[in-house]
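Residue numbers start at 1 and run along the sequence shown. Bear in mind the structure is a predicted one, so any value in this text is a computation, not a measurement.
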Amino acid sequence: MYFLNKIPFTFDQLTELEVNDPLIIEECEKYSEITEAFLYQSSDYLVAEECHPCIFEVELENPQDLPVDK
């Protein structure tokens with residue numbers, strides 16, 4: 001799941017191994033479930049504010065904190 005200021009906007013599909021990984025399951029149980037409807041509403045809000053990073057160029061406060069592309 002990807003967030004912008006704690007607002008979810010997209011996610012990556014998990015592989016079969018990841019879905020059954022006890023460490024990932026444990027991590028997911030720490031957080032509340034994000035429904036498809038909530039993700040759609042959040043994403044729609046970011047589009048309306050022209051802040052959706054998949055569609056608009058968004059200025060980053062701390063770009064050094066992003067993971068390195070491989």
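The neighbour count for Asn5 CG, taken as heavy atoms of other residues, nucleotides or ligands under 6.0 Å away, does not exceed 12. With a 6.0 Å radius and a threshold of 12 heavy atoms from other residues, nucleotides or ligands, Gln64 has its CD atom above the threshold.
Between Asp21 and the choices Leu17, Ile25, Leu23, the side-chain contact (heavy atoms from CB on, under 4.5 Å) rule is met once, by Leu23.
Contact detail for Ser42 and Pro8: the closest heavy-atom pair is CB-O, 3.0 Å. Among all heavy-atom pairs drawn from Gln13 and Glu18, the shortest one is O-OE1, 4.2 Å.
Between atom CD1 of residue Ile7 and atom CG of residue Leu39 there is a gap of 11.5 Å, rounded to the nearest 0.5 Å. From Thr10, atom OG1 reaches atom CG of Leu4 across 12.0 Å, with rounding to the nearest 0.5 Å. Considering CD1 of Ile24 and OG1 of Thr15, their distance stands at 7.0 Å, rounded to 0.5 Å.
Listed by chain and number, the residues in a salt bridge (Lys or Arg N to Asp or Glu O under 4.0 Å) with Glu27 are Lys30 (sequence neighbours excluded).
Contacts classified as ring pair (Phe, Tyr, Trp, His ring centres under 6.0 Å) and involving residues 2-46 (residues at least two apart or in different chains) are given here: Phe9-His52.
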